[in-house]
Amino acid sequence: MIKFANVTKKYGGTAAVNRVSLEIPEQGFFCLLGRNGAGKTTLMKLIAGHVGSTDGEITVDGKRVSTGRMPECVNFIESGSVQFNMKVSDLIATAAALQDDFDRDFAQEMTERFELNTGKKFRQLSFGMKTMLTTIIALSNNSKIILLDEPTLGFDAIMRDQFNTLLLESYQAHPRVIIVSTHLIDEIAKIAERLIIIDSGKILLETAIDDLDEKAYTLSGSSSLVMPLLGGLNCIGKTAMGSVMAAHIYDNRINPPAGVAIDRLTLQDFFINIVGGKRNEK
Amino acid sequence: MNDSQPIFQQIIDRIESDIITGVYQTDGLIISTTQISKVYSVNPTTAVRAIGKMTDSGTLYKKRGIGMCVAEGAREKITARRKDAFLNQTIDALLTEAKTLGISVKELIRAIKIKEGANNHD
């Protein structure tokens with residue numbers, strides 16, 4: 001469905017996306033994680049054809065993407081994106097008129113659930129409500145590929161929870177490609193299926209989130225007990241305090257000996273170790 | 001959910017406990033994956049994985065168009081496996097901790113008998 005073949009995008013002399021090869025063969029709910037400036041937004045813009053690649057080829061549905069040929073099946077929502085300053089109800093009606101398979105029922109249900117005042121004009125809405133409306137319209141469009149760049153930025157905890165529920169329900173009702181970038185890692189970990197980690201313009205990891213449930217863990221205890229276990233394991237980070245250490249592992253689970261505790265790593269801690277760890281090696 | 005076991009394993013443990021205690025009967029419908037992900041606030045794919053593992057092991061089977069049900073003999077199998085784990089691992093852990101604390105096996109057995117007597121009077 002989406003394919004990157006050795007894609008580079010440079011801004012000036014800096015590569016925001018650096019020789020990336022990535023394939024998303026079928027529908028899935030992806031979360032895209034990376035530090036600020038890691039290349040998340042550029043990756044999304046490349047898929048949408050909002051920017052052109054400096055080198056390499058991007059195809060969506062087998063067709064080559066460029067700024068001159070933006071794929072119609074892709075809907076890219078930036079955080080803080082704006083709509084015409086019309087009433088909410090008119091914006092939804094316009095979107096429905098432009099798109100044959102617009103899901104009016106879904107749009108209606110969601111505007112009610114999130115208590116969007118349909119009589120208000122776009123500019124009268126709060127920041128969070130603007131994003132909510134734009135996303136509801138995008139999800140109702142039934143586009144095959146939806147890219148959401150930090151959609152929950154500036155949301156309070158309850159809005160984020162509602163928004164994530166909206167995303168999950170929409171995905172379950174209409175499976176397609178949804179890619180969400182966010183810094184609120186453990187919240188997205190509860191709903192997304194797959195994980196893409198990008199760092200310094202390169203893809204560090206692409207895997208099923210569920211895979212980490214078993215494979216991302218910490219072994220902690222006396223260094224003399226923990227160290228010998230690390231030989232055959234992929235250790236992504238270590239913290240030592242005197243004679244006690246904690247080793248973060250991304251590998252098959254082991255049954256630790258007495259005196260060594262095993263704990264699951266949260267996705268956030270996994271991310272910090274795998275990205276931070278790589279940085280320290282340089 | 002606690003931190004030591006993978007989440008899918010903890011879901012399996014809870015459903016198995018509910019089968020042993022009779023919350024779910026043989027051929028009875030169990031909680032759906034959507035309900036699991038909502039109730040325990042876990043990723044839906046993790047819930048699907050837990051149920052998949054229980055189906056592979058023969059604990060559950062699929063009733064078409066209805067949902068997942070408890071297989072014949074599942075309760076006995078789970079009970080036997082847990083009994084075995086209790087007699088081995090749990091008692092091992094008990095003995096190790098008792099040794100660390102300087103409690104003799106004799107004292108331990110006496111403490112168990114006193115507890116049992118007290119509980120039976122309840």
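Every chain is numbered from 1, with letters handed out A, B, ... down the list of sequences.
Within 6.0 Å of the CD1 atom in B/Ile66, the count of heavy atoms belonging to other residues, nucleotides or ligands exceeds 12.
A distance of 9.0 Å separates CG in B/Asp3 from OG1 in A/Thr266, rounded to the nearest 0.5 Å. Distance check: B/Ser37 OG to A/Leu168 CG gives 6.5 Å after rounding to the nearest 0.5 Å. In this structure, OG1 on A/Thr165 lies 8.0 Å from NZ on B/Lys38, to the nearest 0.5 angstrom.
Nearest heavy-atom pair, A/Arg264 versus B/Pro6, reported as atom, atom and distance to 0.1 Å: CD-CA, 3.8 Å. When all heavy atoms are compared, the tightest approach of B/Ser41 to A/Lys190 is OG-NZ, 3.1 Å.
Your options are A/Glu193, A/Gln172, A/Arg253, and the one with the most heavy-atom pairs under 4.5 Å with chain B is A/Arg253.
Chain B is approached within less than 4.5 Å, heavy atom to heavy atom, by A/Ile209, A/Asp210, A/Asp213, A/Glu214 from residues 206-220 of chain A, ordered by number.
The closest donor-acceptor contact from the side chain of B/Asn43 to the backbone of A/Ala192 lies under 3.5 Å.
For A/Ile262, the parts lying near chain B are the backbone and the side chain together; criterion is any non-hydrogen pair under 4.5 Å.
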